[in-house]
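Throughout, protein chains are lettered first and strands after them, A, B, ... in sequence-line order, and every chain is numbered starting at 1. The figures that follow rest on heavy atoms only: side chains count, while hydrogens, waters and symmetry mates do not.
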Protein chains: 2
Amino acid sequence: MKIGKDVEPVLWFVLYTLLRLAGGTGAVKVSTTQLGEVMGVSQQSTSRHLQHLERLGLIKREFVSDGTYIHISRKGMDNLKTVYEQLRKSLVGPASTTLILEGVVFTGFGEGAYYVNQEGYRSQLREFLGFEPFPGTLNVRLRTKVDMDRREELERTPGLEFKGFKTEDRSFGGGRGYPVVVNDEVEAVLVIADRTRYDRSTVEIVAPVNLRKRLSLKDGDVIRISYSSSLERDD
Amino acid sequence: MKIGKDVEPVLWFVLYTLLRLAGGTGAVKVSTTQLGEVMGVSQQSTSRHLQHLERLGLIKREFVSDGTYIHISRKGMDNLKTVYEQLRKSLVGPASTTLILEGVVFTGFGEGAYYVNQEGYRSQLREFLGFEPFPGTLNVRLRTKVDMDRREELERTPGLEFKGFKTEDRSFGGGRGYPVVVNDEVEAVLVIADRTRYDRSTVEIVAPVNLRKRLSLKDGDVIRISYSSSLERDD
DNA sequence: ATTACTATAGCTCGAGTAG
DNA sequence: TCTACTCGAGCTATAGTAA
């Protein structure tokens, strides 16, 4: 019996309570006694629950002299967002939220190609796209605050999770992908690496084809990236 | 340990799963075996959970020869909506959804006054308004599809619950109230009785004052009813 | 096919307590 | 204060089975 993925109902409730206490930031300072009181559970059980949540990677704790800071991790947030999305779908209907981002194409340092060519990412992209990804990414710079806000809105949805992996040489971090349509023509995935997620002004796009050729794009061209929540995978 | 109100985490999960299977309508035909499979739980436990949910009044069951229809009750829906609202608040920010309804004032059959004067409702209205309710209601007819759709949107939020009650003579049903502001001036409660909720074109307003006098209203006047989700009680 | 009872294995809870 | 251990009471799950 698992809510979302991995999470037992009781633990999910603890996570949900933490979210309510933490608000948007996902961090609170709260003791096991306090938290237990809010939930109507003993300090002891609360302590155990928090250990479990931490072991599952849903929260991180930071112990200070007079208490503990609890951060809900990415994975924890994803879980909550997934449940939120499910509830939204059923309660307010298939709100076909369409988000549109506009940005300018630019040439990066070829890092995108390097990452896409890692088999660890390739295989996941293959699954999301349904095709072999073109071995390069399209770099897009967002120019306006509106676009950056929309990007944040996009990030509030769970999207598709890329898992990190290790090769002999080095380790690669995780990230998320969002199924999008570029210039109302080409299906692609907007990729946001966990590492780079605080650079709010750029995004990268991966597609089954060479987007520059397919859409005759050159540096400085403006493209339109559409995301529909209904394109999300079902679970 | 209760999610929303009354509901243990495990039972909440069952309710949540039912919602996902049922979609917006809140009704599914599903066997304990099937439901158990979806949740990763035995048929026996599922059966017990459904009995508990029914005893709590969160679902209703209808047994037919080849299975069972499960309806999520109003109370069950309210619980799910409450959790949804909580998640929304934390995940997408205090979306100060402001709904505006417009409608035409008309004179009813005095039923409103009859109900408001029942102490069983008066005491609850007193609590919601913070004042003694004026002994009469303002009847409003919604004219456009947009207004009726907004009314439905309003009904998707949990609002305030009016409990039904019994007197020596008869019994009175429950309903919901939504805190609103009339003509941007007067705080009031929009009341929707469970019994009348399928008459989509009319609503009734209760306020601490005589709205007709206070706003110099006569039959046929158009009023503006604003609802802000942030006015909702916190729990 | 259904739903749901009984019996028991196993898990979770909180009191007591330690660090 | 804080977190978290141990351990027994009680609750919950499933197998077996009935209707």
Applying a 4.0 Å non-hydrogen cut-off, can you work out what B:His49 is touching in the nucleic acid: base, sugar-phosphate, or nothing?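 Contact class for B:His49: sugar-phosphate only.
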Would you indicate what A:Gln43 reaches in the nucleic acid, counting non-hydrogen atoms under 4.0 angstrom: base, sugar-phosphate, or nothing?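 It contacts base atoms.
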So, OP1 or OP2 of [N]: does either fall under 4.0 Å of a side-chain N or O from [X]?
X       : N      : result
B:Arg61 : C:dA4  : yes
A:Ser42 : C:dG14 : yes
B:Ser47 : C:dT3  : no

Establish, yes or no, whether a centroid distance under 6.0 Å links the rings of A:Phe128 and A:Phe162.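 Yes: the rings meet the under 6.0 Å criterion.
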For the residue pair B:Phe165 and B:Tyr121, is the inter-centroid distance of their aromatic rings smaller than 6.0 Å?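 Yes - the distance between ring centres of B:Phe165 and B:Tyr121 falls below the 6.0 Å cut-off.
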Would you jot down, in residue-number order, the residues of residues 26-41 of chain A having a non-hydrogen atom under 4.0 Å from DNA chain C?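 Residues of residues 26-41 of chain A that come under 4.0 Å of DNA chain C are, in numerical order, A:Val41.
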For the side chain of [X], counting heavy atoms from C-beta on, which of [options] is nearest?
X       : options               : value
B:Ser45 : C:dC13, D:dC5, D:dA13 : D:dA13
A:Gln51 : C:dT3, C:dC5, D:dC5   : D:dC5
B:Arg48 : D:dT12, D:dC5, C:dG14 : D:dT12

To the nearest Å, give me how far apart [atom1] ([X]) and [atom2] ([N]) are.
X       : N      : atom1 : atom2 : answer
B:Arg55 : C:dA4  : CZ    : C1'   : 12 Å
A:Leu53 : C:dT12 : CG    : P     : 13 Å
A:Ile70 : D:dT3  : CD1   : C1'   : 11 Å
B:Leu50 : C:dA4  : CG    : P     : 8 Å
A:Met1  : C:dC11 : CE    : P     : 16 Å
B:His52 : D:dA13 : NE2   : C1'   : 12 Å
B:Leu11 : D:dT12 : CG    : P     : 9 Å

Do B:Leu125 and B:Phe131 make a side-chain contact, defined as non-hydrogen atoms from C-beta onward lying under 4.5 Å apart?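 No, their side chains stay 4.5 Å or more apart.
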What about B:Gln44: does its side chain form a donor-acceptor pair under 3.5 Å with the base of D:dA15?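 Donor-acceptor pair under 3.5 Å: yes.
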Short side-chain donor-acceptor distance under 3.5 Å, A:Thr144 and A:Asp147: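 The answer is yes; a qualifying pair exists.
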Step-by-step side-chain contact (heavy atoms from CB on, under 4.5 Å) determination, A:Leu80 to A:Asp78: CA-CA 5 Å; A:Leu80 292 162; A:Asp78 279 353; over 6 Å; no
Kindly determine whether A:Glu187 and A:Leu129 satisfy side-chain contact (heavy atoms from CB on, under 4.5 Å), including the steps that lead there. CA-CA 8 Å; A:Glu187 293 196 14; A:Leu129 290 164; over 6 Å; no
Parallel, tilted or perpendicular, as decided by the 30° and 60° cut-offs, for the rings of B:Tyr16 and B:Trp12: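 B:Trp12 and B:Tyr16: parallel rings.
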